[in-house]
Every structure is written in structure tokens, then in C-alpha cells.
**Q** 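My questions will all concern the structure given below.
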Amino acid sequence: MPLALSDEHRDLAGSVAAWSRRAAPVETTRAHLAGLGAGERPASWPGLVQQGLHALHLPEEHGGAGAGLEELAVVAEQLATELHPGPWLPTVTTSAVLGAATAQGSLPRLLEELAEGATAALVAGPGLRARADETGGWVLDGTSAPALGVPGADLLLVRALAEDGERWFTVRADTRAGTTALVHRDDPTDLTRSVGRLELSAHRVPAADEVTGVDAARVDLVVTTLLAAEASGVARWCLDTAVDHVRTRKQFDRPIGSFQAVQHKAAMMLVRAEIICAAAWDAARAEHHDADQQRLAAAQAGASALPAVVDTAVECISLLGGIGFTWEHDAHLYWRRAVSLASAGGEQARWETALGEAALGATRDFSFVDPDAMPELRAEVAGILAEVAELAEDGRPALGWAPARGGARQARLAEAGLVAPHYPRPWGRDAGPQEQAVIAHEFARAGQAAPSTVIGEWVLPTLLVHGTAEQQQRFAEPTLRGEIFWCQLFSEPGAGSDLAGLSTRARKVEGGWVLSGQKVWNSMAHEADWGVCLARTDTEAPKHEGISYFLVDMRSAGVDVRPLRQATGMSEFNEVFLDDVFVPDECLVAAPGEGWRLAVTTLANERLSMGAHLSHGSSDRVRDLLADPAHPAPRAEVVRVLGRCVGREMSLSALNLRSVLARISQLDLGAEISVQKVFNAVAQRDNSRDLLTVLGPRGLVAVPPDGGHGDPSTDSRIDPVIDHLGLPSVLFGGGTIEIQLNVIARRVLRLPR
Ligand SMILES: Cc1cc2nc3c(=O)[nH]c(=O)nc-3n(C[C@H](O)[C@H](O)[C@H](O)COP(=O)(O)OP(=O)(O)OC[C@H]3O[C@@H](n4cnc5c(N)ncnc54)[C@H](O)[C@@H]3O)c2cc1C
């Protein structure tokens with residue numbers, strides 16, 4: 001899904017893409033590469049200016065359209081998908097910085113010049129120095145780092161180091177020898193744009209050309225947002241091109257897109273493209289947030305989107321094979337642009353460190369409702385929570401996988417529809433995303449945790465859609481009150497990923513069914529009151545059609561639960577033997593043979609809840625290391641690891657928020673659940689591994705959790721090594737990464753079998 005979510009942004013994206021395709025087709029760009037590299041403007045520039053795409057963000061009083069970074073990011077993504085050539089990116093980056101500076105001296109006139117179509121670039125580098133001269137102006141010296149758009153720019157914005165810190169100046173430069181502001185042309189990596197350095201030799205700048213009021217956090221935000229937005233456009237082209245190719249290219253008498261190795265690469269490209277897009281989108285929206293938030297979002301775009309676009313481009317070339325490496329194929333032009341974007345952002349380590357430092361003082365805000373929105377709902381929920389706080393906590397509090405057990409507090413919350421507010425009434429409140437967010441906010445404000453029914457969260461949605469009124473009446477309320485606790489009896493020794501290969505049988509008898517077979521890896525079955533169980537009711541029917549969905553009383557005769565000890569040393573899952581277990585007719589959900597359809601609903605809810613947030617708190621543990629003065633790892637390295645861990649958490653939150661907002665706008669994302677689940681698993685694995693890299697010899701010690709009850713996926717106090725050993729719960733639960741990649745490849749990318 002592209003960056004644009006609102007109707008207005010999607011219209012803008014559509015018109016920019018169509019215009020760019022017409023005005024600057026890649027064949028035309030190819031024919032002018034030498035000139036473009038030297039800084040010539042493409043023939044499309046006057047049209048771009050006429051449409052105002054260069055001045056969308058400039059203040060209206062200076063000739064712009066008064067829009068913001070979000071609109072610029074939407075345009076950047078589309079222009080990059082079309083490989084639009086020339087100085088647009090460096091020009092709007094520079095003018096977005098200038099547009100927010102103090103409008104004094106020559107700046108107002110320069111902004112008008114930019115609004116009329118002048119081009120610009122931003123130059124910096126450790127070698128650039130500024131000293132005050134006797135007239136109140138400045139003298140600049142030194143050579144900048146290579147920067148996009150310098151050759152051919154009408155105006156350069158120069159960041160130089162003065163005695164008292166950084167200062168900014170506007171400079172007009174030239175390529176002719178003898179000038180004090182000399183432009184050197186470099187051979188550009190991205191052949192569609194110029195690159196060069198500025199050499200300043202005692203170059204005098206009048207006081208009026210000093211730019212004041214430039215905010216460093218905003219500069220980083222503008223730069224990384226626009227680079228990441230272009231990266232998103234490039235990643236999208238790479239994905240679409242690779243997918244189109246593997247659908248039709250045949251080897252071994254099959255389309256190569258039918259090979260699983262190829263499918264998984266393509267599916268991971270989609271996941272990466274979504275991460276890049278989410279980072280760019282989040283950075284753009286941070287324009288409206290405070291400086292701490294901007295620092296987090298800018299660093300995240302720099303740390304996650306920019307390196308990822310290079311990987312995506314290389315993967316595209318690898319799926320195209322030899323043809324992708326030829327000059328004739330456009331892939332290398334996008335590859336070159338990807339490398340150029342990543343390089344323009346500076347060193348990855350810088351952004352990871354910046355993110356780690358920023359995360360020590362602030363957390364990125366992913367809330368999407370105004371704190372004062374829905375005052376009546378807020379007051380009502382706050383009132384109920386105050387009432388709940390006064391009640392005795394007579395149930396068992398939630399512990400790891402084990403949900404809270406009954407008690408007056410949960411009963412009151414269930415009665416008020418606050419345990420699962422999104423469920424239909426009377427079980428919930430039919431709450432849409434905004435209402436849910438307001439309710440969650442009130443829980444946080446009251447310092448109370450919303451109770452979880454754990455596996456009940458996957459079971460109840462299935463029952464509320466497919467169960468009879470009697471089944472809903474019998475199970476929904478007690479589950480929400482914490483009086484019934486569920487387990488899921490799906491997997492079998494011979495049926496894990498291929499769940500439909502299950503062999504547990506259900507035989508029809510008078511008044512019900514008799515179940516026989518063995519289930520395995522069943523979380524918390526040793527504590528559960530009821531289990532949802534898949535069993536085969538028709539052995540003649542095709543694999544997916546003979547399965548039925550039963551509700552099994554775990555205390556029934558013939559149910560034998562045997563706990564299994566896991567790699568962590570804890571016992572949370574079990575094997576469950578069903579030996580002629582009688583299940584009455586009223587505990588069959590839907591008709592016989594409809595079990596597979598129901599299982600898909602249950603698994604979708606499992607994936608949704610497992611994909612929505614990172615449950616391994618690796619970043620908290622990295623923070624613990626930073627807070628421990630005795631920990632021997634170098635601080636800089638630990639901060640960088642923190643940046644990486646927080647970055648992955650932010651990616652997941654941004655993906656999640658985008659999917660919520662898309663749902664509010666009635667957009668069908670299709671892939672969202674599987675993309676989130678894959679990224680969740682990959683992120684938790686990588687965070688956990690990164691944590692180990694700075695744990696050092698502390699990793700020799702693995703302290704078992706008290707009582708064997710703690711859950712590595714949710715208990716933040718758990719030992720970091722035990723936490724790492726608990727990774728399989730996120731890598732396998734709800735379907736393995738490979739199975740999710742299969743789903744993305746076949747259902748979303750529509751790759752052939
Ligand atoms: C902590 C934990 C809790 C669990 N809780 C429950 C529970 O409560 N209830 C329940 O019913 N189950 C539960 N499970 C089981 C879980 O759903 C299965 O482990 C999972 O579906 C994988 O099945 P498997 O273990 O048999 O591995 P297999 O299916 O044998 O897979 C082994 C490897 O082969 C790969 N593979 C298999 N098929 C393919 C394919 N077509 N393409 C590519 N790769 C493939 C897998 O990705 C994996 O890497 C739990 C598992 C764990 C780890």
C-alpha cells in the first residue's frame with residue numbers, strides 16, 4: 001500500500017504518478033543521462049513548476065501552497081516510483097528547511113525565487129568553516145561532502161561550523177575556475193541526478209544571507225522523511241517489477257514464481273517495502289509533533305528505511321536474474337537511486353545512535369485520537385474504572401500466558417463491555433478503532449491493565465460469528481468474566497503447519513460425538529476449562545472439508561493432559577490425549593465439515609493479536625544494561641543496539657497504526673495481518689539477538705523464572721537469556737514465518753502454485 005491514506009492524498013498521488021509518467025518517461029530520462037548528471041534541468045521541470053509540485057510546502061505568502069511534509073512525502077514517493085529525474089528532491093529538501101527558518105534578510109526574496117522555480121541544494125560537511133568578518137558578514141572556507149543537486153543549483157544552503165556552533169548561509173556558486181564558491185561535479189551514482197561538492201575559498205557572505213532560526217531536529221526530519229519517501233517509491237517499483245517477472249519467467253518448465261525460495265524472497269520484499277513506507281509516513285506526520293517526537297521519527301526513517309531500500313533493490317536484481325544486471329533493464333537505475341538515497345542520509349550508525357539516544361528520553365507517540373476526544377465516553381469509562389479500583393481483587397491476577405481468573409473487578413468490567421470493547425453488544429460495545437483507543441487510554445490513565453482472556457481472544461470472535469445463540473450465551477459472558485479459560489487443541493504430532501492433515505477423529509453417536517486422537521503443543525491446556533478442538537468427522541471428504549470444530553470440556557472423561565517441558569525449562573504447553581471423549585451435539589460449532597472455515601477465523605485472530613505488538617521487551621532490557629554502571633559493554637555500542645531495537649518496535653507500531661487508519665478509511669489492506677505477523681517474528685528474533693551481542697558474559701547465566709509460570713513472551717522481568725530461549729513462542733505460534741510468507745506470496749502477491 002502506498003504512503004497516501006486519506007482520499008486527498010491518494011488523489012494527489014494518482015495525479016502526480018500519471019503526470020510524471022507522461023512528462024518524464026524513463027526512455028526520455030535515459031536519453032539525457034549525461035546532461036542530467038551535469039546538472040541540466042529535465043524538460044519536465046517547467047511542467048513540474050507549473051503544477052506547483054516544487055512549492056506545495058512553501059508558505060502561501062511566499063508563493064507556495066502552504067501544505068506540509070506529508071504532502072511532499074506523497075509526491076516524493078510517486079516521483080521516485082516513476083524515476084523522475086532532476087533537482088526536485090534537493091530543491092524541496094532545501095526549501096522545506098528555508099521555509100521554516102526566520103524570514104529575515106534575503107530569505108523572503110529567496111523563497112519567492114524558489115516558488116517561481118529556482119533550484120537548490122543543501123550542502124554540509126565537517127570541512128566547512130565560518131568566521132565573522134569585520135563588516136558583520138561572514139567568511140566561509142572548506143570543501144563540502146558530495147551532495148545531490150549541487151551542480152546546476154541556483155542556490156545552495158550551506159551548513160558550516162563557526163566558533164560558537166553551526167550556522168547556515170545561502171550561497172550562489174559556479175563551476176568556473178577562479179570563483180570563491182566553486183562547484184565540482186562528481187560522477188553520480190544515481191545517473192538521473194547531479195552530484196557535486198562545494199569548495200569555498202575565503203568566500204564572503206553578507207549578513208543578510210545568513211539564515212537564522214534553523215532547527216536541527218527539523219532539518220533531520222525533512223531530510224530523512226523525503227529520502228525515506230523516495231525509498232518507499234523505489235521499493236514499490238522493485239517489488240512490482242520482480243513480482244511481474246517471476247509470474248511469467250519460466251525455468252524447469254514452471255514459472256519461477258512457483259518456487260518457494262522465490263516466493264519467500266518476493267514476500268519479504270513486500271514486508272520490507274511496507275516497513276520503509278511506514279517509516280516515511282510516520283516521519284512525515286511527525287512534522288506536527290514536538291522536537292523529541294521529531295527526533296525519534298527522523299532517526300527511525302534514517303535507520304530503518306534507507307538501508308532497507310538497498311536490500312530491496314538488490315533482491316529485485318536477484319529475482320530478475322542476468323537481465324536485471326544489464327544496462328538495458330531499468331532495474332539498475334532504481335538500484336543506483338536506492339544506493340544514492342541511502343548514502344544521502346549519511347552513515348547508518350549515526351541514525352541508530354540518534355534513535356537510541358532519543359529513545360532514552362522519549363517514546364514515539366502512536367496514539368491517533370485527540371486526548372480530549374469523546375469526553376462522554378471518557379467520563380463514563382473513567383467512572384467505571386474508579387469504581388473497579390474500589391472493588392476487592394478477589395480473583396487471580398494474570399500471570400504470563402495464564403489470564404486473570406474471575407473476581408469482582410473483571411466481572412464489573414465484563415458487565416460494562418470493557419473486557420473486549422470491539423465485540424458486538426451485549427458482550428462488548430461495538431467499539432470502533434477510535435472508541436477502543438479512548439478506552440485503552442482511560443485504562444492507562446487509571447493505571448489499570450485491561451484484562452486479557454488470552455486464548456479466549458481467538459475463540460470468542462469465532463463463536464460470536466459462527467456459534468449458535470445458545471453457545472454465545474453459554475460461553476461469552478463467563479469467558480469475559482474470567483470464569484472460563486480456554487485452550488486451543490489444533491496441532492497434532494502429524495499436523496503442525498499442515499493443520500488440515502490432522503487425524504483426530506470424531507464419530508457420531510446418539511446425542512453427540514466421540515473424539516479420539518492426540519493433540520500437541522497446546523498452551524495452558526493443563527489450566528484450561530474448555531478447549532476448541534478440530535477433529536475429522538468425514539474421512540472420505542477432501543482434506544479441508546471433513547473437519548469440524550468442537551468445544552471440549554477439559555474435565556470430560558477421556559481427556560488426559562500431559563505437560564511438556566520447554567527449552568526454557570518452563571511448562572506452558574502440553575500434549576493432550578483424547579480417548580473416546582464424548583462431546584454433546586450442542587458443543588459442535590456450525591455444521592459438520594465447516595471446521596476449517598472456523599479455524600481460519602480463529603487463526604486470523606491469533607495472528608492479529610500476535611502481530612500487533614512486540615511482546616519480547618528487548619529494548620527494556622537494553623535500557624537496563626545502560627542503567628547498570630557495572631555493565632562492561634561500551635555505552636556507544638549499547639545505545640546503538642537500543643536504537644535498533646526501538647526502531648523495530650516503532651516499525652511495528654507504525655504498521656499497526658497505518659492499518660487501523662486504513663480500516664477507518666475503509667481501505668482493504670489484505671496483507672496487513674500476515675505482514676505484521678512476519679515482521680513481528682523477524683523483529684523479535686533480531687531484537688533478541690542484538691540484545692545478546694551486548695550482554696557479554698552475562699549471557700552465560702540463565703535464571704529460571706519463579707515457579708515456572710513466567711511467560712517469556714510477556715513477563716518483562718524475565719531473565720534476558722530465558723527470554724531469548726522463549727523466542728519460538730513468537731516464531732511458531734499462530735503459524736511459522738515460512739507459512740506466513742507462503743500466505744503473502746500466494747494470496748497477496750498472487751504468485752502461481
Ligand atoms: C510456544 C508455542 C505455543 C503453541 N501453542 C499452541 C496451541 O495452543 N495450540 C495449538 O494447537 N498449537 C500450538 N502451537 C503449535 C504451533 O502452531 C506449531 O508449532 C506450528 O504450527 C508449527 O508446527 P510444527 O511445530 O509441527 O512444525 P512443522 O510444521 O513441522 O514445521 C517445521 C519447520 O518446517 C517449516 N515448514 C513446514 N511446512 C512448510 C511449508 N509448506 N513451506 C515452508 N516451510 C514449511 C516450518 O516453517 C518450520 O520451520 C504452539 C507452538 C509453540 C512453539
Side-chain angles (χ1 to χ4, degrees), residues 258-265 267-268 400-403 453-459 462 485-504 517-528 530-535 543 547 549-550 552 554 561 563-578 595-596 598-600 602-607 609-610 615-616 674 677-678 680-682 684-685 710-715 722-747 751 753:
S258 65
F259 294 110
Q260 195 180 56
V262 169
Q263 293 188 342
H264 283 194
K265 275 177 181 246
M268 271 317 291
W401 272 95
T453 59
V454 190
I455 294 174
E457 286 175 14
W458 317 333
V459 175
T462 314
F485 174 33
W486 293 88
C487 68
Q488 181 172 281
L489 305 172
F490 284 8
S491 304
E492 297 184 1
S497 300
D498 183 15
L499 187 56
L502 59 89
S503 57
T504 292
Q518 184 194 342
K519 298 288 175 179
V520 75
W521 325 128
N522 311 111
S523 302
M524 301 309 289
H526 56 294
E527 291 227 9
W530 284 82
V532 280
C533 180
L534 294 180
K543 195 164 146 181
I547 297 173
Y549 192 102
F550 294 95
V552 176
M554 294 299 285
V561 180
L564 291 167
R565 201 165 180 210
Q566 297 149 206
T568 53
M570 295 182 274
S571 292
E572 291 159 322
F573 60 25
N574 305 269
E575 36 186 8
V576 175
F577 293 85
L578 302 166
W596 185 251
L598 274 56
V600 170
T602 306
L603 289 172
N605 280 291
E606 180 174 359
R607 279 166 202 166
S609 67
M610 296 192 78
S615 48
H616 272 240
S674 291
K677 171 77 172 75
V678 167
N680 183 319
V682 168
Q684 308 223 33
R685 182 195 63 200
D711 165 30
S713 70
T714 55
D715 185 348
I722 297 289
D723 180 66
H724 176 76
L725 294 172
L727 264 180
S729 61
V730 286
L731 297 183
F732 302 170
T736 64
I737 295 180
E738 290 76 20
I739 295 302
Q740 301 302 326
L741 291 174
N742 290 347
V743 171
I744 293 174
R746 303 220 178 105
R747 306 227 183 105
L751 293 178
R753 284 192 177 266

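Values reported hereafter were calculated over all heavy atoms of this structure, with side chains retained and with hydrogens, waters and symmetry mates removed. In listed order, ligands and their atoms are each counted from 1.
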**Q** Please report the shortest heavy-atom distance between Leu725 and Ala567, naming the atom on each side.
**A** CD1-O, 4.3 Å
**Q** Only heavy atoms count here, so choose which of Ala528, Ser497, Ser729 is nearest to atom 1 (C) of ligand 1.
**A** Ser729
**Q** Just heavy atoms, cut-off under 4.0 Å: does Ile739 contact ligand 1 by side chain, backbone, both, or neither?
**A** side chain
**Q** Pick one: which of Arg747, Gln263, His264 meets side-chain hydrogen bond (donor to acceptor under 3.5 Å, both in side chains) with Asn742?
**A**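 Looking at Arg747, Gln263, His264, the match for Asn742 under the side-chain hydrogen bond (donor to acceptor under 3.5 Å, both in side chains) is His264.
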**Q** Would you check whether Pro728 reaches within less than 4.0 Å of ligand 1, judged by its heavy atoms?
**A** yes
**Q** Do the side chains of Val532 and Trp486 get nearer than 4.5 Å, heavy atoms only?
**A**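 Yes, their side chains come closer than 4.5 Å.
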**Q** With Glu492, which residues qualify under salt bridge (charged side-chain N to carboxylate O under 4.0 Å, His left out), at least two apart?
**A**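 Testing Glu492 for salt bridge (charged side-chain N to carboxylate O under 4.0 Å, His left out), a comparison that skips the adjacent residues, returns Lys519.
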**Q** Considering Asn742, Asp498, Asn574, which one's heavy-atom position lies nearest to atom 40 (C) of ligand 1?
**A** Asn742
**Q** When you look for heavy atoms under 4.0 Å from ligand 1, do you find them on the side chain of Thr736, its backbone, both, or neither?
**A** side chain
**Q** Quick test of your reading of the structure: of Gln488, Glu572, Gln260, Gln263, whose heavy atom lies closest to atom 9 (N) of ligand 1?
**A**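 Nearest option to atom 9 (N) of ligand 1, by heavy atoms: Gln488.
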**Q** Taking side chain to side chain donor-acceptor pair (under 3.5 Å) as the test, write out the residues that go with Asn522, two or more places apart.
**A** none
**Q** For a quick check under 3.5 Å, do Asn680 and Gln684 share a side-chain donor-acceptor pair by atom type?
**A**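 Yes, side-chain donor-acceptor contact under 3.5 Å.
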**Q** With a cut-off of 4.0 Å, which atoms of ligand 1 are near a heavy atom of Phe490?
**A** 11 (O)
**Q** So if I count the atoms of ligand 1 from 1 in the order they appear, which ones are less than 4.0 Å from some heavy atom of Glu738?
**A**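 Those of ligand 1 that fall under 4.0 Å from Glu738 are 43 (C), 44 (N), 46 (C), 47 (O), 49 (O).
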